[in-house]
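All chains are named by letter (A, B, ...) in the order of the sequence lines, taking the proteins before the strands, and each is independently numbered beginning at 1. Quantities reported herein were computed from a predicted structural model and do not represent experimental measurements.
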Amino acid sequence: MSEERTYDFRAVERSRQARWERDGIYVARDDDPRPKYYVLEMLPYPSGDLHVGHAKNYTLGDAVARIHRMRGFNVVHPMGWDAFGLPAENAAIQRGIEPETWTLDNIRNMQRQVRLIGTSYDWTRELATCLPDYYRWNQWFFVRLFEKGLAYKREAPVNWCPVDKTVLANEQVESGRCWRCGAAVERRNLAQWFFKITDYVERLLAGLDRLDGWPDRIRTMQRNWIGKSEGVTFSFDVENVEAQIEVFTTRVDTMFGATFVAVAPEHPAVAKILEKMPKARHRVEEFAASLKSKSELERTQLMEKTGVPTGAYAVNPLSREKIPIWVTNYVLAEYGTGAVMGVPAHDERDFEFARKHGLPIAQVITTPDGSLRAPLTEAFVEDGKLIASGEYIGMKSAGARRAIAARLEAMGRGKTSVHYRIRDWLVSRQRYWGTPIPIVYCPADGTVPVPEDQLPVLLPKGVQFTGQGSPLANDAAFVNTTCPTCGGPATRDPDTMDTFVDSSWYYVRYLDPHDAAKPFDKEIASRWMPVDQYIGGAEHAVLHLLYARFFYMFMVDQGYVTGDDEPFTRLFNQGMLLYRGEKMSKSRGNVVGIDEAVEKYGVDATRLFLLKAAPPEDTLDWTDEGIVGRVRFVQRVWRAAEPLAVAARSVPLDRLPEMRGDAQRELVRALHVALDSGKSETETHRFHYNVTTAKLDELINQLTAALRAPDAADDPAVRYVVHALPIVLAPFAPHIADELWSLMGYEGSVHLERWIEPDPAALAVEEITLVVQVNGKVRARIQAAPGIAEDDAFALAMREPTVTAQIDGKQVRKRIFVPDKLLNIVAA
RNA sequence: GGGGAAGUGGCGAAAUGGUAUACGCAGUCGCCUCAAAAGCGACCGAGUGAGAGCUCAUGUGGGUUCGAGUCCCACCUUCCCCA
């Protein structure tokens, strides 16, 4: 009909957002007396355009923030930009745009888009990590870490990405490939800056045990990444050569089964051996040369395990047995000690190697019953009972490990030790678009950190981007400087910091974002920290989330902030958003842009779809068909509520309305079911608002049905539900909710209102459906008053022909009664 | 190879060990309309039956239980992490 008023979502959404902005309703105050709640989404990289995949993440965080605000918390919900990084530099090389220009343009656009989806961020706290206001504190932290011996420079074999032309941290190498560009990573020896995260391994591990608000998956990944293993380090003498070869093993109980020692070609003992073994020199050097160009990936995974004998023998310190020393491709110099003892009988890799090269396989562990005997067809890697092991025969693996370790220690040959897989965090990057490392090298004073009053070391503008070499290293005006200590000529470190340094502490800067004298105020930060709910994808499990924990522990240790040393109390891993079966991304060309979606369907409908289509931790397929259901929902809300908006206010929300009949009770119940769902999904931190939105559907279906009654407009129950509608919709469809609230004549925003507490009286039902089972199968459903007694229920059940038919001729053995739910009659 | 998560209608999915398939999409039918769209209403797992019903169905096969989508074991498939 022409009279039908359709809801103009474009106009309403625009005007609501303008009002929120004008009134600053999402600004968090430090002195607010209500309990604090810090909800944070991982800060985005400003790649240029926001797509609906980003929107999925922010819509969930926003619903969590809004519902907490309505439930009486002082919510801080900030947003900013992880603005340093390679794409900006690549744009500069390819298109001649300054990285800063490219980045700031992108930020402007994405800021507009994040606002466009109706998020409730406190923009007064916005930050961009590429601005000197921010990165000067990266430098400040670097110097503090340096002073404490936690930042150091050393030459080491490092991961070099030949495409991005920079080194990478271990965490940024995935299966031997660069995490960003996918190129096979090479090994290079370079002098680089490291942060000593290894000093914190035990605390990082211990903290994980307490983080029960984190997914187990992520905790396990971090534990595995840290890779703690306890074992023994001991050394072999080399026969007739002045050298020792140190090895680490977690299975010292198998040491009588060692039939060879495998070393990396670069191991220092190899050179000494070759001096004595000239005959072997040629084949060893040839072998070493063949590996020179191979990446770590190839050596440890792609290539067959192979090697050549050096001709020298190691002496097993316990058995005095002589075993050959082999140079192999699968032992790497920079892992562990660069050498391993080869126990083919009890290690799969050694078994494979021994088979190939005809080395003996000596079984020294058998199953507890002693049944497992040579010849072995595969390595037996489990613990068991020792055989062929001198005085340790008959011991169990665990006991033998202790006994042998003690013996080696007593001999002065070894000691129990703990090894970790994690290595120190390499933070130098040979790139331009990052935080300059605040270090000066002086011929007289050596390595000198830039003093605080000379920070920031500004990133120079107008440098040349050729794609060849580091732009800062080529910039003489930047590199050449004077020594802060003696004033003589000196040079700056030409590298920039890993951008993960930026994101290691940004969540504290948000709390005091404009402080010009320090990174943040201790009192303010301590009041807001830790982050109560952190939201982001699982891809950062061993990168950002590990670095940030380390950084925060350091900050707590230094007294920059007080309280627990874990920064993120709860972590929620959002599922990915797929489109046509693939991850949505620019490079795949399958992006649904946010502007497009908002223009076509509206913000509220888009948000509701992202919440409704799947639980938030699941991957979600974006479909253009599914969202029409949410567009319809928004229109249905409007058609039901708008005509009654003014009248609805006459029925107060602080108590249940007059309910004239069952229909009214059902309608009011539907409202309270939805209120209850929103509350419990939030309090349990499950955030399954897909269920809450289904309850909203049921509510609107009920309301639409109720409005068909002739006197519906005057019905207090109808008015009450319409009056409450903006509140229950507010976290999920914030625009239409606020618009309706205004139509009701309220001056303030619905987003500053209190969530209505679900009322048990409203949730209660007049009549329950009791399921009657016979031998576990549903045979009847009977309507009864809540609280019906078992005997009464049984009597009713025995009047149902479908029940008695099943019992006929049998004896009732047992009755199981679940009050108000079910009666199971067991008959045989 | 090791570890983890998941598998439910045509599709997205719901379900404290207690009515499997809520809610939405798609579809079918009806009302409204000159017609269509929109809207409103009804139906919508499979088989069987005139019908009340009955049988089967949550990847496959076992098990625990009065009762299993849910817990346990094995297997298959997919995804993720580590090597």
Pairwise P distance for B:G61 and B:A13, with rounding to whole Å: 24 Å
Between A:N329 and A:T306: side-chain donor-acceptor atoms closer than 3.5 Å: no
CD/A:E348: more than 12 non-hydrogen atoms of other groups inside 6.0 Å: no
Donor + acceptor pair across side chains of A:D604, A:H735 (<3.5 Å): yes
Proximity to the side chain of A:R217 - top-ranked nucleotide from B:G4, B:G24, B:G12: B:G4
OP1 or OP2 of B:C56 under 4.0 Å from side-chain N/O of A:K777: yes
A:H346 side chain to A:E382 side chain, donor-acceptor N/O pair below 3.5 angstrom: no
Rounded distance (Å) that lies between atom C1' of B:G12 and atom CG of A:L577: 13 Å
Gap in Å between the two C1' atoms, one belonging to B:G27 and one to B:G10, rounded: 9 Å
Closest-nucleotide 5' rank along RNA chain B - winner of A:Q806 and A:A705: A:A705
B:A83 phosphate, OP1 or OP2, under 4.0 Å from A:R421 side-chain N/O: yes
Shorter than 3.5 Å, N or O on both sides, protein versus nucleotides 17-21 of chain B: list them out with atom names.
residue: B:G18; atom: N2; partner: A:Q773; partner atom: OE1; Å: 3.3
residue: B:G18; atom: N2; partner: A:N824; partner atom: ND2; Å: 3.4
residue: B:U19; atom: O2; partner: A:R781; partner atom: NE; Å: 2.7

Pair A:Q635, A:T6: side-chain N/O donor-acceptor within cut-off below 3.5 Å: no
Whole-Å distance separating the CD1 atom of A:I700 from the P atom of B:A22: 20 Å
Any side-chain donor near an acceptor of the partner, A:R421 and A:N224, under 3.5 Å: no
B:G45 and B:U28, which share atom name P, separated by this distance in whole Å: 16 Å
Non-hydrogen side-chain atoms of A:F9 and A:V603 separated by less than 4.5 Å: no
A:R632 vs B:C25: side-chain N/O to OP1/OP2 distance below 4.0 Å: yes
Mutual orientation of the aromatic rings belonging to A:H54 and A:H51 [parallel < 30°, tilted 30-60°, perpendicular > 60°]: tilted
Validation row, ring centre A:Y689 to ring centre A:F732 under 6.0 Å: yes
Polar contact flag, side-chain donor to acceptor under 3.5 angstrom, A:D715-A:Q664: yes
RNA chain B-proximal residues of residues 669-690 of chain A, any heavy atom under 4.0 Å: A:R686, A:N690
Modelled atom types, side-chain donor and acceptor of A:Y420 and A:S229, under 3.5 Å: no
Phosphate contact (B:C54 OP1 or OP2) by A:R779 side-chain N/O below 4.0 Å: yes
P gap between B:U78 and B:A83, integer Å: 23 Å
Presence of A:R708 side-chain N/O under 4.0 Å of B:G41 phosphate oxygens OP1/OP2: yes
Given B:A15, B:C40, B:C23, the nucleotide with the shortest approach to the side chain of A:A694: B:C23
Selected nucleotide, minimal atom distance to A:K814 side chain, candidates B:C66, B:A83, B:A22: B:C66
Integer-rounded Å distance: B:A38 P and A:R636 CZ: 14 Å
Distance in angstrom units between A:Q635 CD and B:A37 P, rounded: 18 Å
Interatomic distance, A:M221 CE vs B:A83 C1' [rounded to whole Å]: 14 Å
A:F568 six-ring centre to A:R549 NZ/CZ under 6.0 Å and within 45° of normal: no
Spacing between A:Q811 atom CD and B:C66 atom P, to the nearest angstrom: 18 Å
Pair assignment for RNA chain B - dot-bracket with | for other-strand partners, Watson-Crick or G-U under 3.5 Å: (((((((..(((.....[....))).(((((.......))))).((((....))))..(((((..]....)))))))))))).
Sugar-phosphate, base or nothing in reach of A:P615, heavy atoms under 4.0 Å: sugar-phosphate
Protein-nucleotide distance (A:D216, atom CG; B:A6, atom P), rounded to Å: 11 Å
Same-atom distance (P) from B:C72 to B:G18, integer angstrom: 15 Å
Gap between atoms OH and P, on A:Y7 and B:G39 respectively (whole Å): 17 Å
Phosphate OP1/OP2 of B:G2 contacted by A:N224 side-chain N/O (<4.0 Å): no
Test log, rule salt bridge (Lys or Arg N to Asp or Glu O under 4.0 Å), inputs A:R10 and A:D8: CA-CA 6 Å; A:R10 292 185 189 87; A:D8 183 357; 5.0 Å; no
Toward the 5' end of RNA chain B, by each residue's nearest nucleotide, A:D618 or A:G626: A:D618
